[in-house]
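The structure under discussion appears below in the form of structure tokens.
Along the sequence shown, residues carry numbers from 1.
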Amino acid sequence: MDGDMADVSNMVPLKDISAKCDRVCIFGTGDFGRSLGYRFLQAGYNVVYGSRGQSNYGLLPKGSEVLGHAEAAEKCDIIILAIHREQYGFLSSLSHILERKVLVDVSNNLKMNQYPESNAQYLAQLLPKAIVVKAFNTVSAWALQSGTLDASRQVFVCGDDAESKERVMDIARRLGLTPLDQGYLLAATELENYPLQLFPLWRLPFYIAVGLTAFIFFYSVLTDVIYRYVTEHVDISFRIAVSLANRVFPVVSLILLGSVYLPGVIAAYLQLHRKTKYRRFPSWLDRWMLCRKQLGLVALGFAFLHVFYTLIIPNRYYVQNKRNNFILSKIKNNETFQFDTTVAWRHDMYMSLGILGFGLYVLLGITSLPSVSNAVNWREFRFVQSKLGFVTLMLCTGHVLLYGWNKFLYSSRYNWYLPPAYMLSLVIPCTVLVLKFFLMTPCIDRKLTKIRQGWEGNVKHKPSQRYKDSSLV
């Protein structure tokens, strides 16, 4: 209902008006009302606008009829209220006309929980003899004009009258949308708050990523830049822009990737310990498991940043100066650089594992997209996200291990007795891989499979009480 929309007055319906079989009334000639009317005309409906004035007639889609509110309401059984809550007052004078009419409330508020009750509930109290259904409030005017090709097709519907709610859902299907029944009108509060939420599923992963990035960054500054300045009086602060950033990104990425698979491993061990799957996980674990997809995509973003920063390293002034000085010193001292086969193997394997790991990383991200995940069955999706996911974690962990190689053996690497940042990134991934290795052993895997198929051990409660005391996970 908001935003500047294009003029739809020149848009011609795809179907012939004579083929229309139903009539829908729309109160409101704003952006949303005009866009919704256009979609109704395309779907074969007769559209009647109820308006208090004639100022917006020229903007309405061709083929629609414009009448006063009372006359328009008398002609239709279903009335779409594309107006704000503050404008509901005039509806009281039409209460005798709106009796037993289906009123579809599409309004939203400016703030979450702005009023004690939802707009739909307020409308039902204002017109107790009308039938109120909440719908279409999560669809934008732009989505209606674009044909939902580039927008969400879901329409949440709730109402107390099942027959009227089903009629509205049929209308949504005819418009090419996907209706989802959300129950009684009491759910309208949640539906009206939904469009006002700002990335609710991304909030926790975002906070984790920001906090982890800040910690690793300041840790690296402390153990590298500040340490060198304090102990050697050497200023290397210029390395913060690229070198330290390129150290932070892969560390955060690998920790987040390990965090994607850690809750699943913890859940498996909990089921083994409890010898049943019919008990709810702790709330913190439930929430962690629900945001794994978002954590993985954030981790992929950090991996991309690591790749981009790595590509610019050869062009840096610092690197070119260091390389030229090294070559000149060899020439001046008449020395040759001795080729080390072990170092060559390590370097090539380090690069190879990094490339393979990043390739599978991207594959995991692609299969997380709804358009891709909906095109594969559950077994295929589980194979990619679980089996290939652990392979990705193993490759990326091997990439970091080869980077560190034997550096952990030298005390000079532990500035102020603190381990290098790359060692911090190995804690969670290595823990996950070791725990997963034990789960893959035949004896444990068979027992876990039995539990997930419904087997229970040491059951002390009656079967009838199982679902009373716990929830099916």
Side-chain angles (χ1 to χ4, degrees), residues 206-259 298-330 337 340 342-343 346-347 349-351 353-355 357-358 361 393 395-431:
F206 175 77
Y207 290 151
I208 293 174
V210 171
L212 191 58
T213 302
F215 171 75
I216 299 298
F217 175 77
F218 288 114
Y219 184 89
S220 299
V221 171
L222 175 66
T223 56
D224 193 357
V225 179
I226 298 179
Y227 176 81
R228 290 286 299 276
Y229 185 79
V230 171
T231 58
E232 303 175 19
H233 302 288
V234 177
D235 183 13
I236 58 170
S237 58
F238 64 90
R239 299 185 63 186
I240 292 177
V242 176
S243 296
L244 260 65
N246 198 34
R247 184 181 304 173
V248 171
F249 295 146
V251 169
V252 174
S253 179
L254 187 57
I255 292 176
L256 291 178
L257 181 61
S259 301
V298 173
L300 178 60
F302 278 94
F304 266 107
L305 289 174
H306 173 50
V307 171
F308 294 148
Y309 271 71
T310 302
L311 292 176
I312 69 171
I313 285 179
N315 297 324
R316 294 177 61 205
Y317 170 79
Y318 166 73
V319 174
Q320 292 179 353
N321 181 267
K322 188 175 181 179
R323 182 174 58 241
N324 293 336
N325 289 337
F326 175 77
I327 295 173
L328 290 175
S329 66
K330 289 295 183 182
F337 183 79
D340 191 330
T342 302
V343 175
R346 179 175 70 88
H347 187 268
M349 289 298 296
Y350 159 74
M351 298 296 293
L353 291 182
I355 294 172
F358 181 71
Y361 223 143
L393 182 61
L395 290 173
C396 293
T397 304
H399 175 68
V400 177
L401 287 171
L402 287 173
Y403 166 79
W405 195 242
N406 60 352
K407 296 176 183 177
F408 69 96
L409 297 175
Y410 301 100
S411 60
S412 60
R413 297 287 182 176
Y414 296 84
N415 298 338
W416 282 327
Y417 304 102
L418 296 174
Y422 82 89
M423 294 181 65
L424 301 180
S425 70
L426 293 171
V427 176
I428 292 180
C430 289
T431 302

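- Atom-to-atom distance recorded for L426:CG and L401:CG is 5.0 Å, nearest 0.5 angstrom.
- The minimum heavy-atom distance between L256 and A209, with the atom names listed, is CD1-CB, 4.3 Å.
- A search for ring pair (Phe, Tyr, Trp, His ring centres under 6.0 Å) contacts involving F238 returns Y318, not counting sequence neighbours.
- Checked options V251, L257, V252; the residue passing with I255 is V251 (criterion: side chain to side chain contact (heavy atoms under 4.5 Å, CB included)).
- When every heavy atom of L402 is checked against every heavy atom of R346, the shortest pair comes out as O-NH1, 3.0 Å.
- Annotation: salt bridge (Lys or Arg N to Asp or Glu O under 4.0 Å) contacts involving residues 301-330, sequence neighbours excluded, comprise K330-E335.
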>> V248 vs Y219, test: side chain to side chain contact (heavy atoms under 4.5 Å, CB included). Steps then yes/no.
In response: CA-CA 9 Å; V248 171; Y219 184 89; over 6 Å; no

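- In this structure, N246 CG and I313 CD1 are separated by 4.5 Å, a value rounded to the nearest 0.5 Å.
- The line from OG of S425 to CZ of R247 is 11.5 Å long, rounded to the nearest 0.5 Å.
- In summary, the aromatic rings of F408 and Y414 are positioned with their centroids too far apart to meet the 6.0 Å limit.
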> Can you check side chain to side chain contact (heavy atoms under 4.5 Å, CB included) on Y361 and V307, steps first, answer last?
Replying inline: CA-CA 12 Å; Y361 223 143; V307 171; over 6 Å; no

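- Between L393 and P429, the closest heavy-atom pair is CD1-CB, 3.9 Å.
- The aromatic rings of H347 and Y350 lie tilted to each other, with the angle between the two planes from 30° to 60°.
- Within the model, atoms CZ of R413 and CG of N406 stand 8.5 Å from one another, a figure rounded to the nearest 0.5 Å.
- T231 places a side-chain N or O within 3.5 Å of a backbone atom of Y227 that can act as its donor or acceptor partner.
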>> Working note: L212 + F302, criterion side chain to side chain contact (heavy atoms under 4.5 Å, CB included); need CA distance, chi angles, decisive distance, verdict.
In response: CA-CA 12 Å; L212 191 58; F302 278 94; over 6 Å; no

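- In plain terms, the two heavy atoms of S253 and A299 that are nearest each other are OG-O, 2.9 Å.
- The neighbour count for F206 CZ, taken as heavy atoms of other residues, nucleotides or ligands under 6.0 Å away, does not exceed 12.
- Using a 4.5 Å heavy-atom threshold, the side chains of S259 and I428 count as touching.
- Counting only heavy atoms from C-beta outward, the side chains of T223 and P420 never approach each other to under 4.5 Å.
- With contacts defined as side-chain heavy-atom distances shorter than 4.5 Å, the pair C430/T397 qualifies.
- Side-chain contact check for Y403 versus P250: every heavy-atom pair is 4.5 Å or farther apart.
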>> Show, in sequence, the C-alpha distance, side-chain angles and deciding distance for L254 and Y422, and conclude whether the side chain to side chain contact (heavy atoms under 4.5 Å, CB included) test is met.
In response: CA-CA 10 Å; L254 187 57; Y422 82 89; over 6 Å; no

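- Here the NE2 atom belonging to H399 is positioned 4.5 Å from the NE2 atom belonging to H306, to the nearest 0.5 angstrom.
- Taking CZ of F308 as the start and OG1 of T310 as the end, the distance is 10.5 Å to the nearest 0.5 Å.
- L222 approaches I226 most closely through the heavy-atom pair O-CB, 3.7 Å.
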